[in-house]
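Index from 1, following the sequence.
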Amino acid sequence: LFGFIFMTQLAQTFNLMSGSTKTDIVDIIVLAADKADSVQDALSYSFGYNSGINSEAATKAISEIESKNNTTLNTKDYTDWSEMVNALYANKNIQAVVMSDSLRSTLTEEFETFEDKTKVIGTITITTQVKLSASDKKVNEEPFVIYLSGNDGYGPVSSNGRSDVNILACINPKTRQVLLVSTPRDYYITIEKSGLDKLTHAGNAGVDYSIKALENLYGVTVDYYVKINFTGCVKVVDALGGITINSSVDFTNGQDAAPESYHFTVGENQCDGEKTLAFVRERHVFGDGDFQRGRNQAAAITAIIDKATSPSILANYSAVLSSVSNMILTNMPPATMTSLIKGQIANTTSWNVQSYSVEGTPASRDCTVYNLSKKSVDLPDYDTVNTAVELIQKINNGEVFDVSEYVSSN
């Protein structure tokens, strides 16, 4: 009876996670001094939108406005973000802009006063069904790769938005090996349909763009993705009853990471959800900034895996499942998730979780996704990228190894 109830609730939760719709909030923006206070006030305006990356949401929003108001909007298509914003500022050619809410914080990197000079007079919520992965991997028998994406937002997780966590979890179920490969958010790599830019900017167009960029960097195929945001991180850890994070550094987080200051020591640290979020967000107190943050994120994920796969969690499974259903976005089919859980129940052998973070050199470069000039980026150290590729291949080959020993011997 317990097993039946458990699997039934499991199936219901997995259906919510992977069968749900993904959302994108689209803003209608005008100048702060504009007399329009609603979309209806601006129906006679010329609307600008960018037909490049992430244009689907904007075009759908325009169609919805036209349908609801029985009108045809005067629209102007731009391929250059700077040109569009400057046209709005000059009140020339366009008087309003249609763009995803997730892009606004990115535009402030180029236009520091964008938030002050503009206002949002309406929002449109665009929902589309999550497209499930077509991967046919036998996840209890074959190696597979999951992209773990952390979005810098609160509330229900969105499909779009900058990704501050970019980790490939390479898993071999037969050897019980997990390799977490962490890539810095500012890694300067090729973004599909755009060019060289920060990895984090790819996430604004959707998780698929982040996946493609990482696939090209490491020469791997990503089978599934799991996306979570700040709220999800806190809720999942709290539902697990807290986790034990093994920190490689001693530090106290700053106010940018969390409103409360937590001190973390080298070794084991008992963390609830809020403390875990502070641990994975902090970067400013480290000499190597985002590189150490990537290592911390991998340490936290390792702790979550250890706790989530422990027999003791069965006593708290109900709270865990109810907390994550609308906090996680994934394209993993429910049947695949159920198979993974059944495999874990059948084989309680602990997982050997290893982690590796690629390195880079801070620099200033132009970012092509949004035509941002001279932005802070991390130029890839391709020696470390090649090492990551070798480690991933070892996972696929079924080799059992220790990352630190392999790196030090090479």
Checklist entry - side chain to side chain contact (heavy atoms under 4.5 Å, CB included) between Phe144 and Thr336: does it pass, once the steps are laid out? => result CA-CA 12 Å; Phe144 59 97; Thr336 302; over 6 Å; no
Checklist entry - Got a second to check how far Tyr209's OH is from Asp197's CG, nearest 0.5 Å? => result 13.0 Å
Next on the checklist: If I take atom CG from residue Asp77 and atom CG from residue Asn50, how far apart are they, to the nearest 0.5 angstrom?
Outcome noted: 7.5 Å
Item to check | Under 3.5 Å donor-acceptor, Gln177 side chain and Val400 backbone | outcome: no
Item to check | Among Val30, Ile29, Ile28, the one residue meeting side chain to side chain contact (heavy atoms under 4.5 Å, CB included) with Phe47 | outcome: Ile28
Checklist entry - Which value, rounded to the nearest 0.5 Å, describes the distance between Asn296 atom CG and Asn246 atom CG? => result 11.0 Å
Item to check | Exam field: side chain Ser67 to backbone Ser63, donor-acceptor pair closer than 3.5 Å | outcome: no
Item to check | From Asp27 atom CG to Met99 atom CE, the distance as rounded to the nearest 0.5 Å | outcome: 6.5 Å
Checklist entry - Have Asp186 and Ser376 got a donor and an acceptor in their side chains that come within less than 3.5 Å? => result no
Checklist entry - Does a side-chain heavy-atom distance below 4.5 Å link Tyr147 with Asn166? => result yes
Checklist entry - Gln292 side chain to Asp288 main-chain N or O, any donor-acceptor pair under 3.5 Å? => result no
Item to check | Polar contact flag, side-chain donor to acceptor under 3.5 angstrom, Tyr45-Asp34 | outcome: yes
Item to check | Side chain Arg176, main chain Thr349, donor-acceptor under 3.5 Å | outcome: yes
Next on the checklist: Please find the pair of heavy atoms, one from Arg293 and one from Arg185, that lie closest to each other, and give the distance.
Outcome noted: NH2-CD, 2.9 Å
Item to check | Residue pair Ser339, Asn140: steps toward the side chain to side chain donor-acceptor pair (under 3.5 Å) verdict | outcome: CA-CA 7 Å; Ser339 178; Asn140 288 311; 3.0 Å; yes
Next on the checklist: Quick check against the 3.5 Å criterion: does Asn269 have a side-chain atom that pairs as donor or acceptor with the backbone of Gly267?
Outcome noted: yes
Checklist entry - If you round to the nearest 0.5 Å, how far is OG of Ser46 from NZ of Lys92? => result 13.5 Å
Checklist entry - Have Asp250 and His263 got a donor and an acceptor in their side chains that come within less than 3.5 Å? => result yes
Item to check | Heavy-atom closest contact (Val237 atom, Gly273 atom, distance) | outcome: CG1-N, 3.7 Å
Next on the checklist: Less than 3.5 Å apart, any donor N or O on the side chain of Asn386 or Glu390 sitting next to an acceptor on the other?
Outcome noted: no
Next on the checklist: Gln270: which residues meet the side-chain hydrogen bond (donor to acceptor under 3.5 Å, both in side chains) condition with it, sequence neighbours left out?
Outcome noted: Thr244
Item to check | Check: Tyr225 and Ser133 side chains under 4.5 Å, non-hydrogen atoms | outcome: no
Next on the checklist: So Lys375 and Lys198, do their side chains get closer than 4.5 Å, heavy atoms only?
Outcome noted: yes
Next on the checklist: Quick check for you: to the nearest 0.5 Å, what is the distance between Asn396 atom CG and Glu142 atom CD?
Outcome noted: 10.5 Å
Next on the checklist: Testing the basics here: between Ile392 and Leu179, what is the closest heavy-atom pair and its distance to 0.1 Å?
Outcome noted: N-CD2, 3.7 Å
Checklist entry - Would Ser261 and Thr252 count as having a side-chain donor-acceptor pair, cut-off 3.5 Å? => result no
Checklist entry - Can you find a heavy atom in the side chain of Leu196 that is under 4.5 Å from one in the side chain of Thr190? => result yes
Next on the checklist: Any carboxylate oxygen within less than 4.0 angstrom of a Lys/Arg side-chain nitrogen, looking at Asp164 and Arg283?
Outcome noted: no
Next on the checklist: Quick check: do Glu64 and Ile126 have side-chain heavy atoms less than 4.5 Å from each other?
Outcome noted: yes
Item to check | Derivation and outcome, side chain to side chain contact (heavy atoms under 4.5 Å, CB included), residues Phe291 and Ser357 | outcome: CA-CA 7 Å; Phe291 297 104; Ser357 299; over 6 Å; no
Less than 3.5 Å apart, which donor and acceptor atoms pair up between the side chains of residues 212-221 and the rest of the protein, not counting sequence neighbours?
| from | atom 1 | to | atom 2 | distance (Å) |
| --- | --- | --- | --- | --- |
| Glu215 | OE2 | Val222 | N | 2.9 |
| Asn216 | ND2 | Lys212 | O | 3.3 |
| Tyr218 | OH | Thr183 | OG1 | 2.7 |

Checklist entry - Below 4.0 angstrom, N of the basic side chain to O of the carboxylate: do Asp101 and Arg104 qualify? => result yes
Checklist entry - Hey, is CD on Glu399 packed in by over 12 heavy atoms from elsewhere, all under 6.0 Å? => result yes
Next on the checklist: Quick check: do Asn253 and Arg281 have side-chain heavy atoms less than 4.5 Å from each other?
Outcome noted: no
Checklist entry - Is there a donor-acceptor contact under 3.5 Å from the side chain of Tyr187 to the main chain of Glu359? => result yes
Checklist entry - How would you list all residue pairs meeting ring pair (Phe, Tyr, Trp, His ring centres under 6.0 Å) that involve residues 235-262, not counting sequence neighbours? => result Phe251-Phe264, Phe251-Phe279, Phe251-Phe286
Checklist entry - Looking only at heavy atoms, which two atoms of Ala42 and Ile121 are closest? And how far apart? => result CB-CD1, 3.9 Å
Item to check | Exam field: side chain Lys137 to backbone Pro143, donor-acceptor pair closer than 3.5 Å | outcome: yes
Item to check | Nearest heavy atoms of Ile228 and Cys233, plus distance in Å | outcome: CD1-N, 3.6 Å
Next on the checklist: A side-chain contact here means heavy atoms from C-beta on lying under 4.5 Å apart; do Val39 and Lys68 qualify?
Outcome noted: no
Next on the checklist: Within the 4.5 Å heavy-atom criterion, are Ile191 and His201 side-chain neighbours or not?
Outcome noted: no
Item to check | Shortest non-hydrogen contact between Ala278 and Ala257, atoms and distance | outcome: O-CB, 3.9 Å
